[in-house]
Amino acid sequence: MGYTNYWYQFDSFNDKEWGKIKLVASELVKDIGITGRDGSLMSAPVINNEEIVFNGVGDSSCEPFILSRNLDKNDRLFDETKGKFNFCKTLKMYYDEHVWKMLCAAKNSAPGKINIESD
């Protein structure tokens with residue numbers, strides 16, 4: 001059991017919303033405590049038109065944060081009333097603050113398209 005951030009996405013992000021979200025991500029991943037999916041210094045964060053992916057570094061990494069632009073409403077984790085369930089367990093490591101900032105940026109950039117929670 002560990003500290004986890006949760007979100008429910010209701011719809012895809014449009015160009016304007018995704019642009020704002022990517023702008024925040026671009027600033028956050030400049031931090032030397034942030035790396036790519038696997039937490040190694042050899043992997044780079046991903047910020048593109050489909051997704052944003054990052055993790056902490058080495059022993060300060062856990063699960064990667066993955067935010068997808070597009071929502072597949074046929075996904076088995078999508079529920080019409082709750083949205084698509086997603087989570088990122090961070091164990092409150094250093095990059096947890098970055099995960100929460102990304103989720104807040106998504107919520108502020110696209111009101112009504114995402115609900116966020118944490119332990």
With a 4.5 Å limit on heavy-atom distance, are the side chains of Thr90 and Asn5 in contact?
yes

Please determine, by modelled atom types, if Tyr6 and Asp119 share a side-chain donor-acceptor pair under 3.5 angstrom.
yes

Would you confirm whether Ser61, through its side chain, and Gly58, through its main-chain N or O, come within 3.5 Å as a donor-acceptor pair?
yes

pair Asp15-Arg69: side-chain heavy atoms closer than 4.5 Å
yes

Smallest separation among heavy atoms of Ser118 and Trp100, with atom names:
CB-CZ3, 3.9 Å

Are Val24 and Ile116 joined in one hydrophobic group, where the rule is that I, L, V, M, F, W and Y side chains link up if heavy atoms are under 4.5 Å apart?
yes

Any side-chain heavy-atom pair from Tyr95 and Ser60 closer than 4.5 angstrom?
no

Phe87, CZ atom: more than 12 neighbouring heavy atoms under 6.0 Å
no

All side chain to side chain contact (heavy atoms under 4.5 Å, CB included) counterparts of Glu97, not counting sequence neighbours
Lys101

Heavy-atom side-chain proximity of Tyr3 to Met93 below 4.5 angstrom
no

Exam field: side chain Ser12 to backbone Leu71, donor-acceptor pair closer than 3.5 Å
yes

Quick check on side-chain contact (heavy atoms from CB on, under 4.5 Å): which of Val53, Asn86, Leu103 does Phe65 satisfy it with?
Leu103

Side-chain donor or acceptor of Asn48 paired with backbone N/O of Val46 under 3.5 Å:
no

List the atom of Gly39, the atom of Ser43, and the distance in Å for their closest heavy-atom pair.
N-OG, 4.0 Å

What's the separation between atom CD1 in Ile21 and atom SG in Cys104, rounded to the nearest 0.5 Å?
11.5 Å

Where do Pro64 and Cys88 come nearest, in terms of heavy atoms and distance?
O-SG, 3.6 Å

Worked verdict on Asn14 versus Lys113 for side-chain contact (heavy atoms from CB on, under 4.5 Å)
CA-CA 10 Å; Asn14 65 34; Lys113 289 189 177 178; 4.2 Å; yes

May I have all residue pairs that pass side chain to side chain donor-acceptor pair (under 3.5 Å) and include part of residues 20-36, sequence neighbours excluded?
Lys22-Asn49, Glu27-Lys30, Asp31-Tyr94, Asp31-His98

Roughly how far apart are Ile114 CD1 and Phe10 CZ, rounded to 0.5 Å?
9.0 Å

Heavy-atom check, side chain of Ser109 versus side chain of Phe13, under 4.5 Å:
no

Is it the case that the side chain of Asn55 and the backbone of Cys62 share a donor-acceptor pair, with hydrogens and angles ignored and the cut-off at 3.5 Å?
yes

Under the side-chain contact (heavy atoms from CB on, under 4.5 Å) criterion, do Glu63 and Leu91 qualify, and how do the steps go?
CA-CA 9 Å; Glu63 295 179 352; Leu91 303 177; over 6 Å; no

Using side-chain heavy atoms (C-beta onward) and a distance below 4.5 Å, is Asp79 in contact with Phe85?
no

Joining Ile, Leu, Val, Met, Phe, Trp and Tyr whenever any side-chain heavy atoms lie under 4.5 Å apart, the cluster holding Leu41 also takes in Val57

Test item: Phe54 and Leu67 side chains (from C-beta on) under 4.5 Å apart, heavy atoms
no

Does the side-chain contact (heavy atoms from CB on, under 4.5 Å) test come out yes or no for Trp18 and Asn70, once each step is laid out?
CA-CA 10 Å; Trp18 192 245; Asn70 295 308; over 6 Å; no

